[in-house]
A.B. asks: 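Take this structure first; my questions come after.
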2 protein chains.
Amino acid sequence: MTTDERDLGRSLKLLWGGRTRPGRGRPPALSLERIVAAAIEVADELALTEGFEALSMRAIAQRLGVGTMSLYRYVPGKSELLDLMLDHVMDVPDETGGPDRGWREILSAAARQHWRLCLDHPWYPFVDQSRPLLGPRSMLGLDRLLALLRPSGIDDRTLLMMISVQNDHVESVARRYVNERRVERRTGVTTEEFWAAQAPTLEKAMNSGDYPVMADLADDTFDFSYEQLFEFGLARLHDGFAAHVDL
Amino acid sequence: MTTDERDLGRSLKLLWGGRTRPGRGRPPALSLERIVAAAIEVADELALTEGFEALSMRAIAQRLGVGTMSLYRYVPGKSELLDLMLDHVMDVPDETGGPDRGWREILSAAARQHWRLCLDHPWYPFVDQSRPLLGPRSMLGLDRLLALLRPSGIDDRTLLMMISVQNDHVESVARRYVNERRVERRTGVTTEEFWAAQAPTLEKAMNSGDYPVMADLADDTFDFSYEQLFEFGLARLHDGFAAHVDL
DNA sequence: GTTAAATAGCGTATGCCATACGCGAAGGGG
DNA sequence: CCCCTTCGCGTATGGCATACGCTATTTAAC
């Protein structure tokens, strides 16, 4: 699914409010907030079962007990609703914790918080954010994170690039992690059973001699968890940031 | 789009061949190879215009001048076709170049090759690879890359994690880059014009005092290109790998 | 108190999509 | 030469987002 053809102006207007309540006319039975909340509920459930793509306007409307088309009185389309959902689940980094934390500790906390967000809302890493839109909560989160990081003396642009690269890493690994859990839950086939089932095909490939290095790998070479991959990438990134910044 | 509900056994069978040609019966007018090639052609074009989601079985069939349902004689479904497309465009790292290249140079070359792949086939980074499947070409690429990297003395598992994290980085940035180019081409609105149009809304937010740090950022703080972000992340990752590995 | 304007709810229709099913066509092996 | 297998693919089903217009509901204005 993607936030592809959305009208960005409309999304921004919705995100940043400014909605007026004219006294005249039939009063609305719903609200933007209720719709976004319901959409997130449905997405949270579907992402663990049918997958995020199963999120439909109909499903959201049914959750609210209204007709599908009623949603369109509040939201121009599904893409804009996705924008609202994305901003709504963003959480702001804790400002508690000593003021003397270094950038590495702060970034680690932010990464872990983002990781948790991806597990709490398992659809999140599947939304195509290829043209990210800043809503109020995202803006607040970024503002607070930058506020925490600025004392490090790292220039703002570098901070933004660090955050961007780190978030991409978290979401990439979370995407695979969430998908594995979903497939296991849905099919009842664990990852190990899955690979075992494919062993004959792959075994033949290994024995062909075309892949000498692959054939030579120890059986447990691939036995690392997504949590381990998350931690590995994060640690490497931070080491790399340190080399760049603390010189 | 996602490679979501695919039958992985079928995909593997198709990827690894073993197709038989029974002499009996009407001879096929198409071939798996032609279908995959046509699908890639269509996807290459659509990814720059309508977007990858516009890739449909009908569009592929039309390109081949056949009926939509004829494709299903060769491929169980769209998901499996995507698996074949993914494997088909994978290219194998050059083995040329001195044997004395260090791991960093080798990984850099692989990253740049992957980046080029994402630009040559702009749908590639949008395919959901949350449960990656190894076809013959992917397997070959991984085999050769590991062969080049093994002399570094880094253990195999670490090498795999490094490659995984690096590929995720490349694809994440490429996804945004490709999308930006597509939107600009389609709407005729450049990114700068886009932000300029949203300036009033964001200006108001800045003036609210809720985002003091964001408001304090220099105007050019966000002025970095995706190429720069690609290089930044890659350099940081490699520095981090070095800290981990060369101790 | 009545009416008209404004707005919400939403049924229906359109045009996409993937794909299941079955029929008729086209070859080769016997 | 015929039958059996396989292929091409039209049609049908059920999903999706969403445009349009009718009806219901409210309040402001008279």
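Letters A, B, ... are given to chains in the order of the sequence lines, protein chains preceding strands, and every chain is numbered from 1.
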A.B. asks: Could you list the residues that satisfy salt bridge (Lys or Arg N to Asp or Glu O under 4.0 Å) with B:Glu193, not counting sequence neighbours?
C.D. replies: none

A.B. asks: Mind listing the closest non-hydrogen atom pair of B:Cys118 and B:Tyr124 along with its distance?
C.D. replies: SG-CD2, 4.1 Å

A.B. asks: Counting only heavy atoms not in B:Arg181, do more than 12 fall under 6.0 Å of its CZ?
C.D. replies: no

A.B. asks: Return the value, rounded to whole Å, for the distance between atom OH of A:Tyr74 and atom C1' of C:dA8.
C.D. replies: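 The distance from OH of A:Tyr74 to C1' of C:dA8 comes to 6 Å, rounded to the nearest Å.
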
A.B. asks: The criterion is salt bridge (Lys or Arg N to Asp or Glu O under 4.0 Å); which residues satisfy it with A:Arg175, sequence neighbours excluded?
C.D. replies: none

A.B. asks: Could you tell me the separation between the CG atom of B:Leu46 and the C1' atom of C:dC17, rounded to a whole number of Å?
C.D. replies: 14 Å

A.B. asks: Identify, with sequence neighbours excluded, every residue that meets side-chain hydrogen bond (donor to acceptor under 3.5 Å, both in side chains) alongside B:Thr191.
C.D. replies: B:Glu180, B:Glu184

A.B. asks: Please round to the nearest 0.5 Å and tell me the distance separating atom CG of A:Asp168 and atom CD1 of A:Ile163.
C.D. replies: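 Between A:Asp168 CG and A:Ile163 CD1, I get 12.0 Å after rounding to 0.5 Å.
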
A.B. asks: Set out, line by line, the N/O atom pairs under 3.5 Å between protein and nucleotides 18-21 of chain D.
C.D. replies:
| from | atom 1 | to | atom 2 | distance (Å) |
| --- | --- | --- | --- | --- |
| D:dT18 | OP2 | A:Tyr72 | OH | 3.1 |
| D:dT18 | OP2 | A:Lys78 | N | 2.9 |

A.B. asks: Would you mind classifying the nucleic acid contact of B:Ala29 as base, sugar-phosphate or nothing, using non-hydrogen atoms under 4.0 angstrom?
C.D. replies: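 Result for B:Ala29 = sugar-phosphate.
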
A.B. asks: Please enumerate all protein N or O atoms sitting under 3.5 Å from an N or O of nucleotides 25-29 of chain D, with distances to 0.1 Å.
C.D. replies:
| from | atom 1 | to | atom 2 | distance (Å) |
| --- | --- | --- | --- | --- |
| D:dA28 | O4' | A:Arg24 | NH1 | 2.9 |

A.B. asks: Over all heavy atoms of both residues, which pair between B:Val75 and B:Gly77 is shortest? Give the atoms and the distance, please.
C.D. replies: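 Distance-wise, the nearest heavy atoms are CG1-O, 2.9 Å.
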
A.B. asks: On DNA chain C, nearest-nucleotide positions of A:Gly67 versus B:Ser56: which is more 5'?
C.D. replies: A:Gly67

A.B. asks: Would you please say whether a donor-acceptor pair under 3.5 Å links the side chains of A:His114 and A:Glu171?
C.D. replies: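 Short answer, yes.
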
A.B. asks: As a test of understanding, state which of A:Phe126, A:Trp115, A:Phe224 forms a ring-ring contact (aromatic ring centres under 6.0 Å, His included) with A:Tyr177.
C.D. replies: A:Trp115

A.B. asks: Would you say B:Arg58 places a side-chain N or O within less than 4.0 Å of OP1 or OP2 belonging to C:dC17?
C.D. replies: yes

A.B. asks: The helix from C:dG1-D:dC30 to C:dG30-D:dC1: angle between its terminal axes, five pairs each, to 10°?
C.D. replies: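 About 20° separates the two local helix axes.
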
A.B. asks: Regarding A:Arg186 and A:Glu50, does a basic nitrogen lie under 4.0 Å from an acidic carboxylate oxygen?
C.D. replies: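 A salt bridge is present here (some side-chain N lies under 4.0 Å from a carboxylate O).
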
A.B. asks: So, is B:Ser70 near the phosphate of D:dC9, with a side-chain N or O under 4.0 Å from OP1 or OP2?
C.D. replies: yes

A.B. asks: Pairing donors with acceptors under 3.5 angstrom, does anything connect the side chains of A:Glu80 and A:Tyr74?
C.D. replies: no

A.B. asks: What's the CD-C1' distance between B:Gln62 and C:dA18, to the nearest Å?
C.D. replies: 15 Å

A.B. asks: Taking atom C1' of D:dC16 as reference, at what distance in whole Å does atom CG of A:Leu81 sit?
C.D. replies: 15 Å

A.B. asks: Nearest whole Å is fine: how far is C:dT19 P from B:Leu71 CG?
C.D. replies: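 Result: 11 Å.
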
